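One structure is given here, and the rest of the page talks about it.
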Amino acid sequence: MVSETRLSSAQLVLPLFVRSGRKQRRPIHAMPGVFQLSPDELLREAAAAHSAGVPAVLLFGIPDRKDARASGAYAANGIVQQAVRLLKKELPHLLVITDVCLCEYMEHGHCGIIQRGRTEGRVLNDPSLKLLAQTAASHAAAGADIVAPSDMMDGRVRAIRERLDREGFADTPIMSYAAKFASAFYGPFREAAESAPKFGDRRSYQMDGANAREALREVAMDIDEGADIVMVKPALAYLDILHRVKTEFGYPTAAYSVSAEYSMVKAAAANGWIDERAVTIESLLAMRRAGADILITYAATDVAKWLR
């Protein structure tokens with residue numbers, strides 16, 4: 001009765017990875033219990049989560065081929081677009097959020113267009129915006145309820161908002177990865193999404209983990225450009241940022257409990273060192289206490305069952 005902070009299945013979002021094929025459940029070795037799923041298996045996984053009480057999923061696509069323009073990201077019949085149409089047809093009450101990024105679809109694994117030099121490549125911010133906006137619009141056209149740009153290109157929220165409005169999707173909200181840090185906690189995700197950069201890293205466009213005030217400036221910029229929900233990623237190592245974002249702006253705020261957070265709990269639990277259920281619940285409660293309204297976690301289905 002006197003608990004100050006509540007954890008509810010209504011706050012959960014389950015990330016899912018979709019690829020082409022049928023009856024495909026390719027295990028992610030670094031993330032026990034997580035799979036690359038063909039659309040039919042994705043539907044099964046999403047239905048099970050929804051039945052358990054998870055109201056939303058976040059989709060990531062793995063294309064059959066990659067190129068220098070990320071053409072699979074915005075193809076009308078791309079893998080995410082196919083998955084969205086299937087989910088909205090079969091599970092109309094499930095909230096479908098789509099990750100808007102180019103890295104999974106680029107042959108080099110970066111989140112934007114690359115200009116090649118003699119010894120290195122450079123990510124071109126502004127030319128990448130058009131592709132990101134086109135991708136978001138294609139997701140909305142397929143039926144996505146929310147689009148979530150994760151690329152960290154400057155100005156992408158404005159570019160997406162303008163494109164959505166122009167194409168008749170003025171009511172489609174944007175959940176921006178507003179404070180996304182260049183983090184070692186993303187390691188297992190790179191296997192899951194097959195999105196590891198072929199050269200260099202993402203420190204030129206993702207945030208420096210030492211910078212808190214910069215995070216607030218990034219969030220303010222995304223809100224000014226039209227973001228409806230802002231996100232802090234990763235979650236557990238950045239609870240101070242999460243608290244400052246919620247306190248400063250009061251906006252609907254999401255926390256992404258990223259792949260390594262999930263994998264470390266799974267590994268320790270498999271060795272009998274920790275209680276998986278208790279540690280997972282306590283970690284999510286810390287995110288709620290810090291200010292998160294929305295909790296994106298690979299353990300969403302289990303958590304919803306535990307909360308019952």
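Remember, it's a predicted structure, so these values are computed and weren't measured experimentally.
For the residue pair Asn77/Arg85, the side-chain donor-acceptor check at 3.5 Å is satisfied. In the model, Arg19 has no side-chain atom that pairs as donor or acceptor with a side-chain atom of Gln24 under 3.5 Å.
The shortest side-chain heavy-atom distance between Ile296 and Pro15 falls under the 4.5 Å cut-off.
Relative orientation of the Tyr256 and Tyr298 rings is tilted, given thresholds of 30° and 60° on the angle between their planes.
In summary, Arg244 and Asp240 do not engage in a salt bridge, as defined by a charged side-chain N under 4.0 Å from a carboxylate O. Look at Arg163 and Glu167 and you find a salt bridge, because one of the NZ, NE, NH1 or NH2 atoms lies within 4.0 Å of a carboxylate O, short of that distance. The existence of a salt bridge linking Lys180 and Asp151 is excluded, since no basic side-chain nitrogen approaches an acidic carboxylate oxygen closer than 4.0 Å. Under a 4.0 Å N-O distance rule, the pair Arg25/Glu45 qualifies as a salt bridge. We find that Lys266 and Glu276 are joined by a salt bridge, their nearest charged nitrogen and carboxylate oxygen being less than 4.0 Å apart. Using a 4.0 Å cut-off between charged nitrogen and carboxylate oxygen, Asp222 and Arg156 count as a salt-bridge pair. Taking the charged nitrogens against the carboxylate oxygens, Asp224 and Arg158 do have a contact shorter than 4.0 Å, which makes a salt bridge. A salt bridge links Glu41 with Arg44: the closest approach of a Lys/Arg side-chain nitrogen to an acidic carboxylate oxygen falls below 4.0 angstrom.
The 12-atom threshold is exceeded at CG of Asn271, counting heavy atoms of other residues, nucleotides or ligands nearer than 6.0 Å. With a 6.0 Å radius and a threshold of 12 heavy atoms from other residues, nucleotides or ligands, Glu214 has its CD atom above the threshold.
Annotation: the span from Ser38 atom OG to Arg22 atom CZ amounts to 7.5 Å, rounded to 0.5 Å. In this structure, Asp145 CG and Leu94 CG are separated by 8.0 Å, a value rounded to the nearest 0.5 Å. Between atom CD of residue Glu90 and atom NE2 of residue His50 there is a gap of 13.5 Å, rounded to the nearest 0.5 Å.
Partner of Val57 under the side chain to side chain contact (heavy atoms under 4.5 Å, CB included) criterion, chosen from Leu87, Ile97, Val13: Leu87.
A cation-pi arrangement is absent between Arg26 and Phe35 under the rule of less than 6.0 angstrom and at most 45 degrees off the ring axis. In this structure, Lys233 fails the cation-pi test against Phe185, since its NZ or CZ atom is not both closer than 6.0 Å to the six-membered ring centre and inside 45 degrees of the ring normal.
Taking the ring centroids of Tyr74 and Tyr105, they lie at or beyond the 6.0 Å cut-off.
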